[in-house]
Undergrad: 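Provided herewith is a single structure, encoded as structure tokens, for subsequent inquiry.
Keep in mind that what you see is a predicted model, and the values were worked out from it rather than measured. Quick note: numbers below take in every heavy atom, side chains included, and nothing from hydrogens, waters or symmetry partners.
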Amino acid sequence: MATLPVDTVLPQLLQALADAPGVVLQAPPGSGKTSRVPLALLNAPFLHGKSIIMLEPRRLAAVNAASWLARSVGEPVGATVGYSIRFQRQVSKATRLEVVTEGLLTRRLQSDQGLEGVGVVIFDEFHERSLQADTALAFCLDVQRHLRDDLKILVMSATLESGPVSHLLGGVPVVSCEGRSYPVDVRYQGEQDGDIAQTAARGVHRALRETAGDILVFLPGSGEIRRCREQLRQSLTTGAEQVVPLYGDLPFAEQERAIVPTRQRKVVLATAIAETSLTIEGVTVVIDAGLSRRLQYDPNTGLNRLVTVRVSAASAIQRAGRAGRLGPGVCYRLWSEGTQSSLVPYNPPEIRIADLAPLALDLAAWGTTDALSLPWLDPPPTGAMNEANELLRELGALGEDGRITPLGGRMAGLPLHPRLARLVLDGERAGCAAVACDLAALIEERDIFRRDRLTVRPVSDCDFTDRLEAFYEWRNRRGHGDAILDPSACRAVDSAASRLRQLLRVPVRAAMPEHGQVALLLAQAWPDRIARQREPGSDRYLLAQGTGARLGQRSAVRDQPFIVAVEMSGSQGAEALIHGATTLTLDALRQKFGESIVRERSYGFDVGLGRVWAREDELFNRLVLSSRPVPPSDEELRATWLAEIGREDGLVLLLWSQFARQFRARVALLRRVCPEEPWPDLGDDWLAAYPEEWLQPWLAGIRTVADLQRLDLHAILKGLLPWDLQRRLDEGAPTHITVPSGSRIAIDYGGDAPVLAVKLQELFGLAETPTVAWGRVSLLLHLLSPARRPIQVTGDLRSFWNTTYPEVKKELKGRYPKHPWPDDPWLAVPMRGTKKREGR
DNA sequence: CTCTCCCT
């Protein structure tokens, strides 16, 4: 066997692993680590005959590695070397080296915490930092610390800062070796404006001129690939080159076309799928647009968002390396050297940007309530973790104490996202397990409808019954697909569904279910996405979790009051978009979610109508299912009015009679001039600030402003004064005073000083200014003519008689001859009317 | 105006 770079470090690696609980092996692509290291370990003495598990990030890689390794020891797969991927296992009693995909190890650990009989766990391609690999590593380290101090952990990675991993494993040794690849000449194209697809097409022309060999172009997504292809179709007119697209959503047969060698010179327009997952024969030139697209979970909305970002330096290196597999290559980078130095070094680990519901369920099944108690290279972010745990509680997987429930335990046992696990178990309980399996597979696998072909879908009440129907049709005719179906996607769904049925021991295949059945299954798996239409006819919805969303144009659901928004995407700044939904009846919602539906009363003041309203709402989380007006209770009336009165200018709601105003002014006067007495504060500020102290008892049954204005405020305020103060009030601030003429005249307490407005003739014989408050306050006299015209304002009657009266008399005598104008008002008889009338 | 790539 030819020597590979990793061979030179194998002895060192074996020794290090014998001495330490783990090792980090740093080896770039082409070093041979995946093919050599596991074989070298098989006979390591420290293993004592125990077996080896090697993790691979992809199924294809796992199967390929297992068959290569089996061939190396001259055996068929499933003898000494075997593999396990989801729903597929090739092992026997003789198997000592099992290659597994990453998620499977976590699954196995859940049922066999001690990893019985396993001596080493190898993490291959750990630099990809998938959520499953990080989880598996955390669990393995937990096992090593508490159960199996003899378990060895070997982390292998191409590009990775080795320090932090080594530290996480307990300060273990790092072994490095060379890779083997040909030199790649990197040429920077410089910054370009405009459409990246167009820039890439120009790059293709340059590469065609400057190089030979097949060209691999990295673009962020299928849209850019389509546009770039269109550009090239117009500009490459000789037909000497073949341009082929390559991305994950293409049907398998079309992907093949991109991978197999051709006679013409080939230009492959690919997404990141060609970075690690697929290798294209014959490529010596790479054009890297420097962008990639990825899903990013937003814990604020609970939605994933597809974002386009600059590649990391590590990705750029990986992409360039694709040109150096056969011989020296060339890589054109469609950016500048300045930009290059500002690239982030690595892609963010998935655990930092992903939906963590699956992780949260794994942790709960592991018995961990605090994720941070496990060893992580990057701990799961708190926001996403809280969202995940909240969802698991809604799904019934976690109890209020945060611990896993029996239902959660069953969910964790299924190889599905927690929502789909719940869906399948609900289906089982409802007697439609087979439908549930089909539905789960349809949702989980790639869309069976060909995206590029589909323009209009039939209008129905559920996007998923459309899909189920199309899928069942395909299955019945053992179909080859058609204009709108992707057969490879259909096969993937069929296979996943049948494996799920096996797991649940459901023998029969399903027939087309009732719509209501599908809707209920979906509602229970997406309870947070149950949504209510904002208004009839609208495309806008409010979700039970409290956020808003709009129906996408391609959804078959239109104008329905209640839906479950199963497939949604967020986008920055804009309202979330619903891509796949189903209608839900209110009855079904009440029936299935009765425990979560609460009745809540609310009430308030309608300013326009001037009345207190109350209603009873039926609430499901943040959704109002129904609402009906009810008569406000006395308690609600009291609370509303007290709040309204307490507002700024709230007192104007009340009708203040003259009498009530005067009463408050009288009390205010005595409060001011007799501070030693307990006169209450009845000023605006106090009344508005403490309505509960004086108005509360009177508010029962008051529903409208009109009711409120019928309250006798004078009586209410008077009631605040104890009996003796009421008497003292009449004494100290009488409402009226009797003047010498015998008239009882009202005193106006509204101004700063109390005012007595009286005809001059009625005061004849009175020298002293009348007072109130037991002589402490003189009345301000507004002296009036017989026609009640103001003559003079004075606070000193005696001085008026002496000085001003003679002039007044002169002036008015002529105008009012029938009235008396004596020379000596001191002694004159006071009069209410004219001389004649008085004499009668 | 959906849609990078994976995985139990």
Undergrad: I'd like to know if Arg422(A) and Glu394(A) make a salt bridge, using a cut-off of under 4.0 Å between side-chain N and carboxylate O.
TA: no
Undergrad: Select one nucleotide: of dC6(B), dT4(B), dT8(B), the one nearest the side-chain heavy atoms of Ser277(A).
TA: dC6(B)
Undergrad: Taking salt bridge (charged side-chain N to carboxylate O under 4.0 Å, His left out) as the definition, give me every residue that meets it alongside Arg294(A), ordered by chain and number, with sequence neighbours left out.
TA: none
Undergrad: Between Leu577(A) and Pro57(A), which residue's closest nucleotide on DNA chain B lies nearer the 5′ terminus?
TA: Leu577(A)
Undergrad: With sugar-phosphate meaning primed atoms plus P, OP1 and OP2, does Ser130(A) contact a base, only sugar-phosphate, or nothing at under 4.0 Å between heavy atoms?
TA: nothing
Undergrad: Can you find a side chain N or O atom of Thr308(A) that sits less than 4.0 Å from OP1 or OP2 on dT4(B)?
TA: no
Undergrad: For a quick check of understanding: with a heavy-atom distance under 4.0 Å over all strands, which category does Gln132(A) fall into, base, sugar-phosphate or nothing?
TA: base
Undergrad: Please figure out whether Arg294(A) or Leu416(A) has its closest DNA chain B nucleotide nearer the 5' end.
TA: Arg294(A)
Undergrad: Does Ser222(A) make a side-chain N or O approach to OP1 or OP2 of dT4(B) shorter than 4.0 Å?
TA: yes
Undergrad: Is any side-chain N or O of Arg86(A) closer than 4.0 Å to OP1 or OP2 of dC6(B)?
TA: no
Undergrad: Within the pair Arg293(A) and dT4(B), is there a side-chain N or O less than 4.0 Å away from OP1 or OP2?
TA: yes
Undergrad: Which part of the nucleic acid does Arg59(A) contact within heavy-atom distance under 4.0 Å: base, sugar-phosphate only, or nothing?
TA: sugar-phosphate
